[in-house]
**Q** 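Pasting a structure here, questions to come.
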Amino acid sequence: MTVYNFSAGPAVLPKEVLVKAQSEMLDYQQSGMSVMELSHRSSLFEEIIQTAEKKLRELMEIPENYRVLFLQGGASLQFTMVPLNLAQEKKTLYVETGVWSKKAIAAARSLGNVEVEVVASSKDDQFRHIPEIKKEQIDQSAAYVHLTTNNTIAGTAFQKIPDVGDVPVVADMSSNILANDYNVKDFGLIYAGAQKNIGPAGLTVVIVREDLLGDGVFAPMLDYKLQAENGSLYNTPPTYSIYIAKLVFEWLLAKGGVSAILKEDKEKAALLYEAIDRSALFSNPIEKTSRSITNIPFSTGNAELDRRFIQAAEAQGFINLKGHRSVGGMRASLYNAFPKEGVIALIEFMKEFETSCAD
Ligand SMILES: *Cc1c(COP(=O)(O)O)cnc(C)c1O
């Protein structure tokens with residue numbers, strides 16, 4: 001049975017990447033060792049981390065004045081590192097669009113000495129739309145405006161990055177990095193946990209404009225400046241995750257890069273949304289102009305029927321369709337590595353299920 005993994009993360013990886021990793025598993029470039037066994041100071045690993053950065057720069061067209069960091073601690077540690085490094089006794093502004101931005105806000109507040117203002121929120125309609133942000137709302141003396149480009153749980157995404165004047169935009173891009181055509185220069189800092197669209201868990205990518213690196217903070221591991229000065233090798237980085245990320249970047253470049261995958265991603269999402277919108281049984285709760293192409297929640301409106309659907313789908317190889325516990329229903333995550341055939345097969349299965357319900 002073909003398995004289609006709709007997980008929100010850790011998520012599906014390109015089969016080609018896994019096959020390549022398998023072929024190099026026991027003997028990486030005639031070293032007689034696996035990548036996992038290489039010293040992070042060896043020339044073989046140095047080449048891996050440098051190539052990973054180079055390929056990511058190519059894919060996202062990252063300008064020269066931005067540094068790329070390969071860190072640990074997940075996107076969640078960035079909720080703390082961002083205000084710790086960037087707030088600099090200035091006010092910080094947050095856009096509240098779901099569970100993850102709420103956590104980012106709470107983490108900034110927990111630092112105690114950071115002033116946090118929520119400038120826009122879609123909490124009142126259970127995060128079913130992306131709120132509008134006007135430049136006039138933005139205090140131009142703020143350290144940054146934080147937003148979540150794609151809301152993995154709610155199923156919304158910023159279609160374009162709001163103009164906030166000269167205040168740097170900090171983006172949690174965990175679930176749609178490399179799956180959109182945002183311009184890096186529209187951001188002061190971008191961060192993303194790798195386990196959605198980049199590679200295995202354990203790696204967090206940070207892309208930060210040089211002038212925002214700051215003067216250093218008291219805690220070495222939490223200091224962007226120190227991490228940048230050490231080329232992400234201050235301590236042992238997640239070497240194998242970086243290696244797989246490098247393979248994913250190479251895979252994506254070979255496919256034609258972000259614009260090519262974005263076209264595929266849009267096609268996949270359009271197919272599923274059309275099917276949901278056409279269906280008399282399933283529906284998607286999100287305002288149409290705010291819909292994510294990456295994470296698509298849907299439900300029958302009946303928890304028991306949703307449960308039966310998820311169970312029946314699983315038996316057919318459609319795995320991890322259960323929605324986030326805070327939303328319920330189903331959620332299909334269609335990351336870059338998720339094949340179009342899987343979407344087509346799911347739609348077919350949804351139709352059959354709907355027909356069987358009508359009988
Ligand atoms: C998954 C996710 C996170 C949490 O990532 P961790 O790496 O588990 O800390 C944060 N933000 C967004 C948008 C996510 O999708």
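Not measured: the values here are computed from a predicted model. Both counts, for ligands and for their atoms, begin at 1 and track the order of listing.
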**Q** Please say yes or no: joined through hydrophobic side-chain contacts below 4.5 Å, possibly via intermediate residues, are Y66 and V206 part of one cluster?
**A**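 As far as the 4.5 Å side-chain criterion goes, V206 and Y66 are not connected within one cluster.
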
**Q** If we set the cut-off at 4.0 Å for heavy atoms, which region of F79 has an atom near ligand 1: side chain, backbone, both, or neither?
**A**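 Side chain only.
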
**Q** Under a 3.5 Å threshold, yes or no: a donor from one side chain and an acceptor from the other, between Y182 and N176?
**A**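 A pair is found: one side chain offers a donor N or O, the other an acceptor, under 3.5 Å apart.
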
**Q** Are Y144 and F187 an aromatic pair by the rule of ring centers under 6.0 Å?
**A**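 No, the ring of Y144 stays outside the 6.0 Å limit from the ring of F187, centre to centre.
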
**Q** Can you confirm whether or not the ring centre of Y243 sits under 6.0 Å from the ring centre of Y240?
**A**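 Between Y240 and Y243, which both carry aromatic rings, the centre distance is below 6.0 Å.
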
**Q** Among all protein heavy atoms, pick the one closest to atom 9 (O) of ligand 1 and tell me residue, atom and distance.
**A**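 Protein heavy atom with the smallest distance to atom 9 (O) of ligand 1: S76 OG, 2.6 Å.
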
**Q** Q195 near ligand 1, heavy-atom distance under 4.0 Å?
**A**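 Checking ligand 1 against Q195, which is what was asked, there is a heavy-atom contact under 4.0 Å.
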
**Q** To check your reading of the model: name the closest protein heavy atom to atom 5 (O) of ligand 1, its residue, and the distance in Å.
**A**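 Nearest neighbour among protein heavy atoms for atom 5 (O) of ligand 1, to 0.1 Å: A75 CB, 3.5 Å.
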
**Q** Tell me, which protein residue and heavy-atom name are nearest atom 1 (C) of ligand 1, and how many Å apart are they?
**A**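 Minimum-distance protein heavy atom for atom 1 (C) of ligand 1 reads K196 NZ, 1.3 Å.
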
**Q** Can you report which non-hydrogen protein atom sits closest to atom 11 (N) of ligand 1, along with the distance?
**A**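 It is D172 OD2, 2.6 Å.
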
**Q** Of the protein's non-hydrogen atoms, which lies at the shortest distance from atom 15 (O) of ligand 1, and what is that distance?
**A**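 The closest heavy atom on the protein side is T152 OG1, 2.4 Å.
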
**Q** Mind telling me whether Y191 and F79 have parallel, tilted or perpendicular rings, with 30° and 60° as the class edges?
**A**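 It falls in the perpendicular class, over 60°.
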
**Q** For the residue pair L281 and F309, establish whether any side-chain heavy-atom pair is separated by less than 4.5 Å.
**A**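 No, their side chains stay 4.5 Å or more apart.
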
**Q** Is the closest N or O pair between N150 and ligand 1 shorter than 3.5 Å?
**A**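 N150 vs ligand 1: no N/O contact under 3.5 Å.
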
